[in-house]
Amino acid sequence: MSMLCETLKEDFLALAPLALVDTDYKAKGYQLDITVAPAQVVEAATIMNRRGYTLEAVTGVDWLASAGPKPAKKAAPAEGEEEPVEAPGAPVAEQMEVVYDYTNTGQELCRVVVRCRIPRANPELPTVSGVFSGANWHERETHDFFGIRFLGHPDLSPLLLPEDADFHPLLKDFRV
Amino acid sequence: MNEPDCNPNQETFVINLGPQHPATHGVLRVKLTMDGEYIVHAEPVLGYIHRMHEKMGENRTWAQFLPNTARLDYLGALSYNHGYVQVVERAAGIEVPERAEYIRVITVELNRIASHLLWYGAFVLDLGGFTPLLYAFDDREHVLDLLESVTGARLTFCYFRFGGVYNDIDEPFITGTRAFIKRLRSRLPDYHNLVTKNIIMIKRLKEVGPISAEMCRRYGATGPVLRGSGVCYDVRKNEPYSVYPELDFDIPVYSECDSMARYMVRMDEIDQCLRIIEQALDKLPDGPVMAEKAPKIIKPPVGDYYGAVEAARGTFGIRVVSDGTNTPYRMKLRSPTFSNLSLFGEASRGMLLADALALMGSLDLVIPEIDR
Amino acid sequence: MMELLEMEPLRLLIFLGGLIAFAALNAAYLVWLERKVAAHIQCRIGPKEVGPFGLLQPLVDGIKLMSKQLLVPNGVDPYLFKVAPLLVLVPAVMSFVVIPFGENLAARNIDLGLLMIFAFASVNVLGLLLGGWGSGNKYAVISAARAVSQNVAYEIPMLITVISLVMVTHTMNLNEIVKQQEGMFWNWYIFRLTASPLMPVAFLIFFICSLAETNRAPFDLGEAESELIAGYHTEYSGMGFGVFFMGEYANMVIGASLATVLFLGGWQSPFGIGSGWWWFLLKVYALIFCVMWVRWTYPRTTLWGLLNLSWKVLIPISLFNLLLTGATIKVVSYLFGA
């Protein structure tokens, strides 16, 4: 674990996230997996911004009960095999997950994933486009695909979908 | 930049650049609010070639999605192949034989050269020079011939498999590649004499379209755009994958932040690609090109995985979420030009139309990759 | 035959027919030549399917253009839209009237030939402006604005250069100017360093200006396709576009002819013997080849770069040349006596 990751961990522990997991880079492709509450995403972005990080992507995952992992295998989809399944931020059915991929362009490598879970029925969370300008389009895209509303976003009109689209194709109950 | 002197009545007009326009190289549309020849506001409008690859990914098996990866960035398709197989191999824990990794690097770098050559031609075409395009295409044709002989395709490659590549390279390919390296090395000085040292070219690119490192960071721009802003960031070095750590190559970085810097980064990268291929050919080990224990049906363990590769245009990131079945639960494709283009609105403010198009050309856009 | 030519109406008819045919043929075959030149510069072959060496390609293209529908889009000003291509072509053809192709081969040998050509050349820009404006297309309007500022900017150094030349020639009669350059090639005005030490520079300025005046690369800002699609003729189809195209090439021929007449000795042979129209055509086409060569080598400048070049470089140099020419004339006449 690099110095940078340690610093970030301290930063985030001060934020009191719902979960903070060191992950095995070789197995997962990122070093830090942090789950925060919806109210904390902007603060998380501010921390990342302060540390010189860049926002690589924002996306969603739709955890619909019927489409989720088979209960026969595991009670709930977990972060990875060796991690405790019942982490407080582990996805449960009828939730949406918003994933922020952060990376830094410096020499030290520490990829950070920030997750946030919101109820599927009312998918709302604050926008981070005030911190990272690039989040603007990523959030618009996520809104297109999942119908997640980013509060305070300057313009949530469809980006990739037709301008009159009223559907969200990446929802698991969207039938092609 | 010269700011518009005065326009007391704020009289502006809107022009639609695209979706069919010679400068957008595809179906990109940019809504430009103009004050005469100055751009007041530029808003890219996307989605004209949106195909929802991410939903397709959720509806087919892991292996069936492979051809889709070539249809994002059709100019550098092998990098996308590479990114996808790499993340699935990471998820499923498949070991790739060394020879296969070397072949991957050789073909990916050849593909990168082809992509940069096409960009070079198209970029100079944007600036009104038609001839370099055909020279570049001439050389690119050689790359495509080489790649065709081993992958069977010229554009939308589907060459990599989970656990290796599907076809071993043969002697004609190796000799052909060596001949090509020699040929391109002799041609690159011509390119520089014809274009890089051209006074008009220099006037049009130097100090035009500045993109600061800070702006790149805020927008998540990567690739040559970032390296043209003085940031030495390349996934091949910063997050070494495949056999890149064993090869000796440099990351070209220019700190001028202008269109010329981005141009030079790509031109130097062609040179570095040749170095990588040369070394990889020298070091190419014997052995199988497919992992023997690679499962026929991939069922990665539950969890989510991230992988990034350096594509020709920047960081191609791919996030897959597996629910343990033979189809992905979620597949997020993070395309570099999506982020690179998102800064166009801010970067082009107050620029002249002609300069803004030089800036847009220097971003090296491939629209299907932006729209996915 | 000569008696027939003395008859004014007949002479008019013959020359009118001849000039229009010359302009049209030139336009058609310069397109072919341009395609061939471009192809060979770019390691290609160029047209080769229609006729030997693709020589019938212009004919086929012409038939295609003529058989296409003349589309007049909604929202255009129909009169301006239709009259604009003619405003580009007709002045170009008219300018041919005074061009001396050979010693006795000019439609009209008038004393103010040079002035007439410049008068007609200024109408050309009106055609571009009206075409762009009348199209009701924003790209076309931008292009029209560019064409006007470009033409205004480049007429000035061009005229100043020509004035300094006229100070040397004492005449605006083109045939007369050619006759003054008789003998070996160092008698051509481009090499007449005793008249003004800057003569080769003057020729260069004239050449650059004629590139800009005829909207040729690298100054083809009016139709910068990567910015303005096709500029002022974006909305034109069929022969409307064809006439614009013919006008462009006719203007190119005029520019090259004028450069030949003023600086390169017109129909005079470079060696003093065997002068005739063949030398004129040879020089004109050699210049046109250079124009094409430039086009397929250089990228396009920007409007700013173009205007800067004119106002900050060409105009000061040509003014200095004017001054120097005047001074040289004074000094020479003082030293050697008039």
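Below, chains carry the letters A, B, ... as their sequence lines are ordered, and counting in each starts from 1.
- Contact count against chain C (heavy-atom pairs under 4.5 Å) is highest for B/Glu37 among B/Met201, B/Glu37, B/Met34, B/Lys203.
- Heavy atoms closer than 4.5 Å to chain C are found in both the backbone and the side chain of B/Leu17.
- Using a 4.5 Å cut-off between heavy atoms, B/Phe130 contacts chain C through both its backbone and its side chain.
- Taking B/Asn198, B/Val14, B/Thr131 one by one and counting their heavy-atom pairs under 4.5 Å with chain C, the maximum is reached by B/Thr131.
- The local environment of CZ in B/Phe13 is crowded, with over 12 non-hydrogen atoms from other residues, nucleotides or ligands closer than 6.0 Å.
- Using a 4.5 Å heavy-atom cut-off against chain B, the contacting residues of residues 290-302 of chain C are C/Trp296, C/Thr297, C/Tyr298, C/Pro299, C/Arg300, C/Thr301, C/Thr302.
- For the atom pair SG of C/Cys43 and CG of B/Asp138, the computed distance is 6.5 Å after rounding to the nearest 0.5 Å.
- Counting heavy-atom neighbours within 6.0 Å of C/Phe53 CZ, excluding the residue itself, gives a total of 12 or less.
- For residues 121-128 of chain B, the interface with chain C (any heavy-atom pair closer than 4.5 Å) comprises B/Leu125, B/Asp126, B/Leu127, B/Gly128, sorted by residue number.
- Listed by sequence position, C/Ile142, C/Arg146 are the residues of residues 141-149 of chain C in contact with chain B, using a 4.5 angstrom heavy-atom cutoff.
- Residues of residues 235-256 of chain C never come within less than 4.5 angstrom of chain B, heavy atom to heavy atom.
- Residue C/Trp32 qualifies as enclosed at atom CH2: its count of foreign heavy atoms under 6.0 Å is above 12.
- Here CH2 of C/Trp304 is found 5.5 Å from CG of B/Leu352. Values are rounded to the nearest 0.5 Å.
- The greatest number of non-hydrogen atom pairs below 4.5 Å with chain B, out of C/Lys138, C/Gln42, C/Arg44, is found for C/Gln42.
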